[in-house]
Amino acid sequence: MSDDLTLDIDGEQYVVRQGGDSGLQVGRRNGGDVAWLDEVDPALLTEDARTALTEGDSSNEALRVAISGIVQAEVERGG
């Protein structure tokens, strides 16, 4: 996936970027900017979520649940 993928979850826009050695980056869109929240190994996602990510399917429920979990973990850590 070369482009960012935007997901609308619970009234917020999240951006997912996969690339190179950096793994999977998750950020929250704030106006025209993105505040990057966390970086995870895409292998930690379910197969369905990884497939949706590869296909750019932002409506896939498995991907939405995975990104919600990453965001929640960041919130709980105080990030």
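All values below were derived from every heavy atom in this structure, side-chain atoms included, with hydrogens, water molecules and symmetry-related copies excluded.
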Rounded at 0.5 Å granularity, tell me how far [atom1] in [X] sits from [atom2] in [Y].
X: Glu55; Y: Leu5; atom1: CD; atom2: CG; result: 11.5 Å
X: Asp4; Y: Ser58; atom1: CG; atom2: OG; result: 12.5 Å
X: Glu61; Y: Ser68; atom1: CD; atom2: OG; result: 8.0 Å
X: Leu7; Y: Arg29; atom1: CG; atom2: CZ; result: 10.5 Å
X: Trp36; Y: Glu74; atom1: CH2; atom2: CD; result: 13.0 Å

Locate the shortest heavy-atom distance separating Ser59 from Asp57; write the atom from each residue and the value.
->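 Smallest heavy-atom distance, with atoms named: OG-OD1, 2.7 Å.
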Work out which heavy atom in Ala66 is nearest to a heavy atom in Ala49; give both atom names and the distance.
->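 Shortest heavy-atom contact: CB-CB, 4.2 Å.
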Would Val26 and Ile9 show up in the same hydrophobic cluster when neighbours are defined by side-chain heavy atoms closer than 4.5 Å?
-> yes
So, Arg50 and Glu47, do they make that salt bridge, N to O below 4.0 Å?
->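 Salt bridge absent between Arg50 and Glu47.
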Would you mind reporting whether Leu45 and Leu24 have side-chain heavy atoms less than 4.5 Å apart?
->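 Yes, side chains in contact.
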Are Val16 and Leu63 side-chain neighbours, meaning at least one heavy-atom pair lies under 4.5 Å?
-> no
Checking side chain to side chain contact (heavy atoms under 4.5 Å, CB included) for the pair Leu37/Val71: CA distance, chi angles, key distance, verdict?
-> CA-CA 7 Å; Leu37 304 175; Val71 170; 4.1 Å; yes
Applying side chain to side chain donor-acceptor pair (under 3.5 Å) to Thr46 and not counting sequence neighbours gives none
Look at atom CG of Asp10 and say whether more than 12 heavy atoms of other residues, nucleotides or ligands are closer to it than 6.0 Å.
-> no
